[in-house]
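The block underneath contains the structure these notes are about, expressed in structure tokens.
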Amino acid sequence: MNYNSKAIEKKWQNIWSEKRCFKAHENSDKEKLYTLIEFPYPSGNGLHVGHARPYTAMDIVSRKKRMQGYNVLFPMGWDAFGLPTENYAIAKKIHPAKVTEENIKGFKAQINALGYSFDWDREISTTDPEYYKWTQWIFLQLYKRGLAYKATMPVNWCTSCKCVLANEEVVDNACERCGSSVVRKEKSQWMLKITEYAQRLIDDLDEVDYLERVKLQQKNWIGRSTGVEVDFQTTESDIIRVFTTRPDTLFGSTYMVISPEHKLLTKWESKLENNNEIKAYQEKAAAKSDFERTELNKEKTGVELKGIKAINPVNGQMIPIYISDYVLATYGTGAIMAVPGHDERDWAFAKAFGLPIIEVVKGGDISQAPYTDTQSGIMVNSGFLDGLDVSEAKEKITRWLSEKGIGFEKVNFKLRDWVFSRQRYWGEPIPIVHCEKCGYVAVDESELPLILPEVESYETTETGESPLAQIKDWVNTKCPQCGGKAERETDTMPQWAGSSWYFLRYMDPHNDKELVSKRAVEYWNRVDWYNGGMEHTTLHLLYSRFWHKFLYDIGVVPTVEPYAKRTSHGMILGEDGQKMSKSRGNVVNPTEVIERYGADTMRMYIMFIGDFEKTAPWSSEAVKGCRRFLERVWNLSLKAKTGKGENCSEINEASIHRTIKKVGEDIDAMKFNTAIAALMTLVNVFYEKGAERGDIKTLLLLLSPFAPHIADELWEQLGFKGLASMQPWPAYDESKMTESTKTIAVQVNGKLKTTIDVKTDSEDNAVIMAAISDEKISKLLKTSDLTKSIVVRNKLINLILKPKNLDN
RNA sequence: GCCGGUGUGGCGGAAUAGGCAGACGCCCGGGACUUAAAAUCCCGUGUGAGGCAACUCACGUACCGGUUCGAUCCCGGUCACCGGCACCA
């Protein structure tokens, strides 16, 4: 009988599904384990091999943990709101809901063909009103607690999507999704106060098990920096407040710079002698995109404010004030004290404008370059700070400033609030109405879900208004507060909304009273192991941590962090080593691979391809190796079919126990490639030494998480009871793993000369004797003296030889 | 520029509390089976030199240097590539 993967796979997928083999229960006395993969966006392009890698990995983990006796929750759903669907719907004139439904159907079929052990009874979709009801509910809670607010500000506007983007969605000044250019646009937007959680988002990273580089990337993105806010008097009655991390260099501040958007400029309009010049500069700066503003960062531009000066608080010196676009309105106070001797940017600006550069920290040559070291240097030209080192100076000046009441310690973050509105159709409607009298008013919770209305055209508008704005009978409504005339918010939520809490819904997916019941959330607690892409580190991962902390604050969830452990997979590249893309024509379709070799082969190869965390190029040749391996397992197993034994044979015992240990440990450490290599090695041993039914039994159990279909099929063929997938994971016995003799290396002066076999755990002396009596070594000893020997038990012996002195 | 990571055969990749470099797989070569081929099974396969031969010697983990009986692993320096951030005061 040949290995017919297609028939076998269909058969077992049906059995698993009918028997509800992978259903998770809340009323189990087993230990719970919640494993999670990032739910996909069901695009029209279908499943990608990039999906198969993390899904297979977590499926292997989940299957193995189930076999180890855990009550595993491994769910699946759809992150189905979003632009590609909407764009496709516009192009094909089909409703996005219809497109979504079709895409989910296709995706589900492809995913099922891979034999994943998802609990499909918990399937969810973010576009389901029963689901987005709770997304809207969370928004209302945020709004009620002042964490959602509307603000007019310059935002990132994608020229192609005709939609605003969050800062996190802008990559290299282009739209993260479509790559089109992003421009600044003044718009009124709903914002979420993620900045309020900045410190906690950093602190709580200490409590979770994430990849170190993920933690680091989040910390860098949040960008905490500690410094001092200092007030500078001016020749007007106003003060200019600046933020600095280098208060120690205050004596070196020879001028100030404020951003072109600084509010004092309006106030000072009548006092300034060169208003026209300033206005012109402001206009030029405003017209520049962020791209231009940062791209030209070598050349500093600016305009001095004529008629007003500032006073350096430490030495009373009158210093000029400039506006320049190198100072950002959105960070700190939008104003800086410039210390050209010790800051790159200030130095460049001072050079360009001929401003004085004073050395206040000794250590470099400031005529050549600014000295920016923050660790070492002695203060000079700094009055009462002279002679101190920088850290002492920092302390002293900070104390001095606060005693004078003109400067206080302050923490700043790079993180900005989350721009939450999108001017598109296919998203959750924001449940807010605007009343002429009452202003913004929350829709009553009893009205949720606020259903996304049917609309004739979901085309974006050139004015940047949401398509929903065109549906007048939906937009015009009554104010929930005063009953007067009011209009609904027509923007929708970003795609990140639905994915910021979906893992909670899996705990209790059909609850129509609550987002999640207390009982369910207390049982499942939080996600134990979440695997996902590195590209979501500053998007989904940060956003969902924020929402979870908020839900903790309002008592919905019992944990401050949503995910106990986070791992990430590397990308699968095309056969040419390039990123897979349609235009390059190097895309591998998983369904075609399954068609040709079977799902088990696909699963094996995608895990065998290389280190799970690293990128790896696809190889259509190497896939065959995995199919060949499964064929070998198949043939070997059927040969052993006639046997009766259940226990492993003595001859294979050591190999089997070693493999059980290796495969188990490797799965836990996500070293799937070496786990598979160990299985291959075991099969090679079986081919060499022969294998009995009992040997095959363990092999099938170890293989089951990786290639579950063939494992269950052979399990049945060999007449074992139940399903391989549902058996306990095999145990190993350390004492059965070691052999009676060891082959150890014999080195002479650190170089390998030969190997010898000695009894396991032999005494050092016995090893030395065995080594020097070796033919090759004894030959060398005729011309040399043994001066020293180093024995590493069961591994190696190193003999240090010196040539004999033939003179005596 | 700053932060993080990586660099090993023809290829994907193994092995680091310092201890036989190249597991496992692909490709390639040889053999068995077959009328023949495919498939399968067995053997070989880092590079160079020598030998009829079992074999012997030298070199080899990006590059240069150090520590050590012994370094892919630790230390110092250099180069290349990848990812993130980037006028954040």
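Residue-to-nucleotide contacts include a donor-acceptor pair under 3.5 Å from the side chain of A:Lys300 to the base of B:C87.
Protein atom CD of A:Gln217 is 17 Å distant from nucleotide atom P of B:C82, rounded to whole Å. Rounded to a whole Å, the CG atom of A:Asn749 is 14 Å from the P atom of B:C57. Here B:A15 presents its C1' atom at 12 Å from CG of A:Asp666, a figure rounded to the nearest Å. Rounded to an integer number of Å, the gap from CD of A:Gln218 to C1' of B:C85 is 14 Å. Nucleotide B:C3 holds its C1' atom 17 Å from the NZ atom of A:Lys215, rounded to whole Å. Rounding to whole angstrom units, CD of residue A:Glu168 and P of B:C85 are separated by 10 Å. Following rounding to the nearest Å, A:Arg627 (CZ) and B:C24 (C1') show an atom-to-atom distance of 20 Å. The interatomic distance linking A:Trp221 (CH2) with B:C2 (C1') rounds to 16 Å, in whole Å.
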Protein N or O to nucleotides 40-42 of chain B N or O, pairs below 3.5 Å:
from	atom 1	to	atom 2	distance (Å)
B:C41	OP1	A:Arg632	NH1	2.8

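When heavy atoms are screened at a 4.0 angstrom cut-off, A:Ser225 is found touching the sugar-phosphate backbone but no base atom. At the heavy-atom level, A:Thr244 lies under 4.0 Å from the strands shown only through sugar-phosphate atoms. A:Gln747 comes within contact range of at least one nucleobase, with a heavy-atom separation under 4.0 Å. Nucleic acid contact for A:Thr615: sugar-phosphate only, since backbone atoms but no base atoms lie under 4.0 Å from a heavy atom of the residue. Counting non-hydrogen atoms under 4.0 angstrom, A:Lys579 reaches nothing in the nucleic acid.
When the nucleotides B:C26, B:C87, B:C69 are ranked by their closest atom to the side chain of A:Asn798, B:C69 comes out on top. Distance from the side chain of A:Ile336 is smallest for B:A89 among the nucleotides B:C87, B:C69, B:A89. Which of B:C87, B:G13, B:C85 sits closest to the side chain of A:Ala616 comes down to B:G13. Checking B:U6, B:C26, B:C69 against every side-chain atom of A:Ala622, the shortest atom distance belongs to B:C26. Of the candidate nucleotides B:G12, B:A89, B:C85, B:G12 has the atom lying nearest to any side-chain atom of A:Pro617. Counting only heavy atoms from C-beta on, A:Asn673 has its side chain closest to B:G13 among B:G13, B:A89, B:C26. Counting only heavy atoms from C-beta on, A:Leu796 has its side chain closest to B:G19 among B:G19, B:C87, B:A14. If you check B:A89, B:C87, B:G19 against the side chain of A:Val792, the one that comes closest is B:G19. Of the candidate nucleotides B:A89, B:U56, B:G12, B:G12 has the atom nearest to the side chain of A:Ile609. For A:Leu216, the side-chain atoms get nearest to B:C3 when compared with the rest of B:C3, B:C69, B:A89.
Of the residues near RNA chain B, A:Ala335 and A:Ser619, the one whose nearest nucleotide (by heavy atom distance) lies more toward the 5' end is A:Ser619. A residue-by-residue look at A:Lys624 and A:Ile676 shows that A:Ile676 has its nearest nucleotide of RNA chain B further toward the 5' end.
For the pair A:Lys215 (side chain) and A:Leu205 (backbone), a donor-acceptor distance under 3.5 Å is present. For A:Tyr255 (side chain) and A:Val339 (main-chain N/O), no donor-acceptor pair under 3.5 Å exists by modelled atom type.
The minimum heavy-atom distance between A:Thr226 and A:Thr245, with the atom names listed, is O-CG2, 3.4 Å.
Using modelled atom types and a 3.5 Å distance limit, the side chains of A:Asn167 and A:Asn156 yield a donor-acceptor pair. A donor-acceptor pair shorter than 3.5 Å cannot be found between the side chains of A:His540 and A:Glu38. Counting only N and O atoms by type, the side chains of A:Tyr281 and A:Thr301 include a donor and acceptor under 3.5 Å apart. A donor and an acceptor atom, one from each side chain of A:Thr743 and A:Asp757, are located under 3.5 Å apart.
Remark: A:Lys751 is not in phosphate contact with B:G60, judged by side-chain N or O atoms under 4.0 Å from OP1 or OP2.
Straight-line distance between the C1' atoms of B:G22 and B:G12: roughly 13 Å, to the nearest whole Å. Separation of the P atoms belonging to B:A62 and B:G13 is 15 Å when rounded to the nearest angstrom.
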Show your working on side-chain contact (heavy atoms from CB on, under 4.5 Å) between A:Met580 and A:Asn586 and close with a plain yes or no. CA-CA 5 Å; A:Met580 281 191 198; A:Asn586 60 354; 4.1 Å; yes
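When each of A:Met604, A:Arg627, A:Met602, A:Lys6 is checked for a side-chain contact (heavy atoms from CB on, under 4.5 Å) with A:Tyr597, only A:Arg627 meets the rule.
With both pairing distances under 3.5 Å, B:U40 is matched to B:A32 as a Watson-Crick or G-U wobble pair.
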